[in-house]
*Asks:* 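Would you mind keeping the following structure in view while I ask a few things?
Numbered from 1 within each chain, the chains take letters A, B, ... in sequence-line order.
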Amino acid sequence: MLDLKAIRDDPEAFRLGLARRGAAGELDGLLSLDERWRTLTVRVEELRAEQNRASREFGRASPEERENRIASLRSVSDELGRLEPELADAAAEVEAVLARLPNLPDPSVPDGETDEDNAVLREVGDRPELGFEPRDHVDLGLAIGGMDLERAARTSGSRFVYLLGPFVWLQLALLRYALDRATSRGFLPVIPPVLVREEAMYGTGFLPTDEAQIYVTRDDDLYLVGTSEVPLASLHQGEILEEGDLPLRYTGYSTCFRREAGAHGKDTRGMFRVHQFDKVEMFSFVRPEDSGEEHDLILSIEEELVGGLGLPYRVVNVCTGELGASATKKYDIEAWFPGQGRYREITSCSNTTDYQARRLETRVRREDGNRPVHTLNGTAVAMSRTIIAIVENHQRQDGSVALPESLHPYLPDDLRILRPRG
RNA sequence: GGGAGGGUGGCCGAGCGGACGAAGGCGUCGGUCUUGAAAACCGAUGGCGGGGCGACCCGCCCGUGGGUUCGAAUCCCACCCCUCCCGCCA
């Protein structure tokens with residue numbers, strides 16, 4: 001949510017920022033709705049003040065006097081009865097428009113529509129020189145016995161997977177690997193609820209914008225989260241935090257559910273894009289002036305995690321067209337996937353400034369008043385894609401995969417090399 | 001799932017149609033006193049929004065949303081949440 005008062009004070013700044021995201025069209029409408037709301041507010045509050053004054057006197061009045069006063073009180077009450085619904089409508093309209101406006105992009109974000117417009121900041125690590133035609137994760141995973149896609153399709157449909165044996169151990173090793181590194185940097189591990197109320201989805205900015213991507217339960221009005229960002233951000237909903245308690249850092253492990261509507265035909269092979277996967281996420285609540293620095297910290301942890309797995313990657317500054325509604329700026333780490341012959345997103349971190357905090361009413365107590373905190377989120381490890389990247393990058397001619405040393409402490413002793421069966 | 005009782009300020013807790021943003025206590029912060037501290041005493045202590053250049057003024061908030069009423073923390077309805085008992089259950 002943008003700051004309505006700030007929009008009033010400097011509409012042109014918002015017009016410019018929103019225009020970069022193709023969302024400036026609603027601004028004039030918003031300003032006139034706001035004008036109407038304020039006019040009505042002034043009138044309604046005058047009437048209420050009068051009613052309160054008269055009502056206080058009424059309490060002291062004698063029974064005879066009361067009879068005389070009821071008529072004038074009723075006329076005030078009647079006018080309020082007419083105006084209050086108008087005021088409520090105006091407020092709801094302002095709210096509805098405001099809720100749809102995305103966060104302003106940071107000046108350093110490149111303009112653009114698709115991932116081809118993202119700015120590549122750096123490439124790190126050498127792509128593996130395999131000396132043979134690389135197999136993709138489906139061929140490798142099936143041979144190793146780490147996954148079953150056909151039976152998953154029979155059970156649940158396309159874009160689902162049974163992880164089996166070696167890939168299960170690998171995923172659990174990745175979990176410990178990610179948690180160890182995140183907690184060593186001060187992030188508290190959390191296993192959050194994955195079914196959440198509408199307010200949590202709204203508060204994090206996934207509703208109303210991304211409704212088509214979200215699974216909803218039929219009888220309970222609960223939403224399945226697409227990322228633990230949602231319950232982590234909601235952890236301090238409605239709270240006023242003490243400045244000395246910030247930053248608050250959490251790392252959540254959860255399953256993530258995504259409908260992938262509109263992705264028909266995209267990444268249909270294997271488990272690169274699935275409806276359900278597990279992910280370790282980092283989430284920070286910080287003082288407003290610290291969010292830029294925190295964003296760099298989260299990115300550096302992500303680079304450490306990806307780099308530590310021996311995966312070649314590049315860092316991109318995501319363009320305006322690819323930003324989520326709540327983000328002012330987003331870095332993606334794209335790992336090299338030999339099976340696809342290109343870089344693909346494997347982690348992502350966003351600075352959402354005060355956008356989510358304003359919706360969730362998470363504030364910090366300050367001398368000069370309570371202000372929304374800033375929130376940030378970033379992937380520690382997205383399990384399915386990371387498993388894919390590992391097996392594709394560390395594959396060997398015979399179809400075996402040498403797992404990176406950084407995972408050895410977390411793996412069963414006989415599983416440092418994944419071998420094709422039979 | 002069945003039954004019972006509850007949700008009031010940072011916390012505890014009174015209020016159960018009219019002067020209530022709400023008694024009292026605790027906590028916190030100032031002050032008096034003291035060599036210092038404690039105790040005692042005095043005072044201050046919520047959030048959100050609107051208006052005004054401003055000192056300020058006004059409105060809203062007693063789980064949430066509706067309703068009754070000239071007037072609702074208080075009465076009615078729906079929903080949410082918590083606690084206890086029974087049943088079921090990882």
*Asks:* Taking atom C1' in both B/G10 and B/A44, compute the distance separating them and give it to the nearest angstrom.
*Replies:* 15 Å
*Asks:* Whenever both distances are under 3.5 Å in a Watson-Crick or G-U wobble pair, mark it; put RNA chain B into dot-bracket that way, with [ ] for crossing pairs and | when the partner is on another strand.
*Replies:* ((((((((.[[[..)..(.....]]]((((((.......))))))((((((....)))))).[[[[[..)....]]]]])))))))....
*Asks:* How would nucleotides 47-65 of chain B be written as a contact map, 5' to 3', with B for base contact, S for sugar-phosphate-only contact and - for no contact, using protein heavy atoms under 4.0 Å?
*Replies:* SSBSS------BSS-----
*Asks:* Heavy-atom count check: over 12 atoms from other residues, nucleotides or ligands less than 6.0 Å from A/Trp169 CH2?
*Replies:* no
*Asks:* For A/Ser228 and A/Lys279, test the side chains for any donor-to-acceptor distance below 3.5 angstrom and give the result as yes or no.
*Replies:* no
*Asks:* Any chance you could measure A/Asp89, atom CG, to A/Leu33, atom CG, to the nearest 0.5 Å?
*Replies:* 11.0 Å
*Asks:* Could you check, using the six-membered ring where one of them is a Trp, whether A/Phe285 and A/His236 have ring centers closer than 6.0 angstrom?
*Replies:* yes
*Asks:* In terms of side-chain heavy atoms, does A/Glu392 have a donor or acceptor partner in A/Gln340 at a distance below 3.5 Å?
*Replies:* no
*Asks:* Using the C1' atom in both, what is the distance from B/G21 to B/C33, to the nearest Å?
*Replies:* 34 Å
*Asks:* In whole angstrom, give me the gap between the P atoms of B/G47 and B/C11.
*Replies:* 13 Å
*Asks:* Sticking with atom C1', work out how far B/C53 lies from B/U64, rounded to a whole angstrom.
*Replies:* 40 Å
*Asks:* Considering only atom P, compute the distance from B/G15 to B/G6 and round it to an integer number of Å.
*Replies:* 12 Å
*Asks:* When the C1' atoms of B/C48 and B/A38 are considered, how many whole Å apart are they?
*Replies:* 40 Å
*Asks:* Using the test salt bridge (Lys or Arg N to Asp or Glu O under 4.0 Å), find all partners of A/Arg358 that sit at least two apart in sequence or belong to another chain.
*Replies:* A/Asp3, A/Asp354
*Asks:* Excluding sequence neighbours, so at least two apart, what forms salt bridge (Lys or Arg N to Asp or Glu O under 4.0 Å) with A/Asp296?
*Replies:* none
*Asks:* Within the structure provided, determine whether A/Thr375 and A/Phe283 are in side-chain contact (heavy-atom separation under 4.5 Å).
*Replies:* yes
*Asks:* First locate atom CD1 of A/Ile387, then atom CZ of A/Phe277, and finally report the distance between them rounded to the nearest 0.5 Å.
*Replies:* 12.0 Å
*Asks:* Enumerate all atom pairs, one protein N or O and one N or O from nucleotides 80-83 of chain B, separated by less than 3.5 Å.
*Replies:*
residue	atom	partner	partner atom	Å
B/C80	O3'	A/Arg197	NH2	3.2
B/C80	O2'	A/Arg197	NH1	3.2
B/C80	O2'	A/Arg197	NH2	3.2

*Asks:* Give me the distance, rounded to whole Å, that separates B/G71 from B/G66 when you measure between the P atoms they each carry.
*Replies:* 16 Å
*Asks:* Without decimals, in angstroms, what is the distance between A/Leu241 CG and B/G10 C1'?
*Replies:* 14 Å
*Asks:* Could you state the atom-to-atom distance from CG of A/Leu47 to C1' of B/G71 in whole Å?
*Replies:* 15 Å
*Asks:* When the P atoms of B/A73 and B/C20 are considered, how many whole Å apart are they?
*Replies:* 12 Å
*Asks:* Establish, from distance only, whether the side-chain atoms of A/Thr353 and A/Thr328 form a donor-acceptor pair under 3.5 Å.
*Replies:* no
*Asks:* So, using salt bridge (Lys or Arg N to Asp or Glu O under 4.0 Å) as the criterion, who are the partners of A/Glu334 when residues are at least two apart?
*Replies:* A/Arg314
